[in-house]
There are 2 protein chains.
Amino acid sequence: MTFDEAKDKFIHTWGTLATQWGINRSMAQLHALLLISPEPLATEDVMEQLQISRGNASMNLRDLMDWGLIYKQLKPGERREFFIAEKDIWKVARQVAKERRRREITPVVEVLNELKAIPADTPEAAEFHRVMEGLSNVVGFADNTLNAVIKAEENWLVGQFLKVFR
Amino acid sequence: MTFDEAKDKFIHTWGTLATQWGINRSMAQLHALLLISPEPLATEDVMEQLQISRGNASMNLRDLMDWGLIYKQLKPGERREFFIAEKDIWKVARQVAKERRRREITPVVEVLNELKAIPADTPEAAEFHRVMEGLSNVVGFADNTLNAVIKAEENWLVGQFLKVFR
DNA sequence: TTGTACTTTCAAAATATTTTGAAAGATTTA
DNA sequence: TAAATCTTTCAAAATATTTTGAAAGTACAA
């Protein structure tokens, strides 16, 4: 496999994978492209390399900035904006954990707390209550795990990795 | 909030959430409905309660069985099939972790291993190699975490939960 | 064997998401 | 101020996913 093939394969794989995670292909491919680029890229560059429209590039670059995964970079004497990805992969992981926690876990915790309060006064309601309690525990576990990742230092994570990996 | 409202809210919330996770609404709602139902339900029951078509119900019930989240149950003297959800929520979590690992992590690990082998003989290739190594580590961490959940006993998980939760 | 009661399949329709591209909006330069 | 260069917006088009429902399939009973 040549380097260019590897690059294409990475960008393509990341894009395919993303859809399973509810992220659209363009956003994932933009992130992949910027991740492996040693130099900042301008909008035109990414449009050409990924063959996507200006609007698409603009919107998804903004979303990536919202996620804290890429940054704008201004070059002296250059009018246009360049983009560069966060290259510390553990920081990327922490950032993703943080966002997913905020967007996905927190709202569920709130709904579950509300639903746990329903009185268990019939067999059906009792079952409902049991399920809500159980889900609260599992979601609590997920929440704590994400929190640990978010707060952890890189070394701790690598340690955990090696510990379980043996 | 009445019990029926709570039930609707749960089914609806679960369905909305699922789309963020790349699971379709019907499948998530079917799972939610069966989770809180103390009795096994027949296809007609779920069709009516969720207002979905027969084909939709049939396909998504099968998918849920593939995920190991629900079971077919035959009632003596009854011709039609009934469905019941796995009620042990920790077992559900382990099952989901197992499936996601198989479907999402394993393929990435393979691609990353392949791409790590590309020689780092230019600045661009060196950067590429660094990123692949970094991603390997993070994906390895995710893989190990999922593995721990998959293999862990309920008690261990609850322990972890309480430990971090303080 | 035929009829009945179910389940599954799958092409077409409905719906949801993503992408495009041209127009409007900024910001700097002349 | 006007022109040039770049970015953002958003309605419409393209694409992808989900859902429907009727037909085909299956299995049991008479």
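Naming: A, B, ... by sequence-line order, numbering from 1 per chain.
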Whole-Å distance separating the [atom1] atom of [X] from the [atom2] atom of [N]:
X	N	atom1	atom2	result
A/Arg25	C/dT17	CZ	C1'	12 Å
A/Asn60	C/dT17	CG	P	15 Å
B/Asp63	C/dC10	CG	P	14 Å
A/Gln29	C/dT18	CD	P	13 Å
A/Leu64	C/dT18	CG	P	13 Å
B/Asp66	C/dT8	CG	C1'	14 Å
A/Met59	D/dC10	CE	C1'	7 Å
B/Gln20	D/dT17	CD	P	18 Å

(Q) Quick check on C/dT19: is either OP1 or OP2 less than 4.0 Å from any side-chain nitrogen or oxygen of A/Ser26? (A) yes
Q.
Side-chain N or O of A/Asn24 versus OP1/OP2 of C/dT17: is the shortest distance under 4.0 Å?
A. no
Can you confirm whether more than 12 heavy atoms, excluding those of [X], are under 6.0 Å from its [atom1] atom?
X	atom1	answer
B/Glu5	CD	yes
A/Gln20	CD	yes
B/Lys87	NZ	yes
B/Glu48	CD	no

Q.
Within residues 71-85 of chain A, which residues have any heavy atom lying less than 4.0 Å from an atom of DNA chain D?
A.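 Heavy-atom cutoff 4.0 Å gives A/Lys72, A/Arg79, A/Arg80, A/Glu81.
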Q) Residues from residues 33-56 of chain B sitting under 4.0 Å of DNA chain D, heavy atoms only? A) B/Gln51, B/Ile52, B/Ser53, B/Gly55, B/Asn56
Q | Within the 6.0 Å centroid threshold, strictly below: B/Phe128 and A/Phe3 | A | yes
Q) Between B/Ala120 and B/Ala126, which heavy-atom pair has the shortest distance, and what is it? A) CB-CA, 3.7 Å
Q. Hey, does B/Ile84 have a side-chain heavy atom less than 4.5 Å from the side chain of B/Leu34?
A. no
Q) If we only count heavy atoms from C-beta on, is the A/Lys7 to A/Ile36 side-chain gap below 4.5 Å? A)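 They are in contact (side-chain heavy atoms under 4.5 Å apart), so the answer is yes.
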(Q) Quick check on side-chain hydrogen bond (donor to acceptor under 3.5 Å, both in side chains): which of A/Lys72, A/Lys75, A/Gln73 does A/Glu81 satisfy it with? (A)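 Result: among A/Lys72, A/Lys75, A/Gln73, A/Lys72 is the only option passing the side-chain hydrogen bond (donor to acceptor under 3.5 Å, both in side chains) with A/Glu81.
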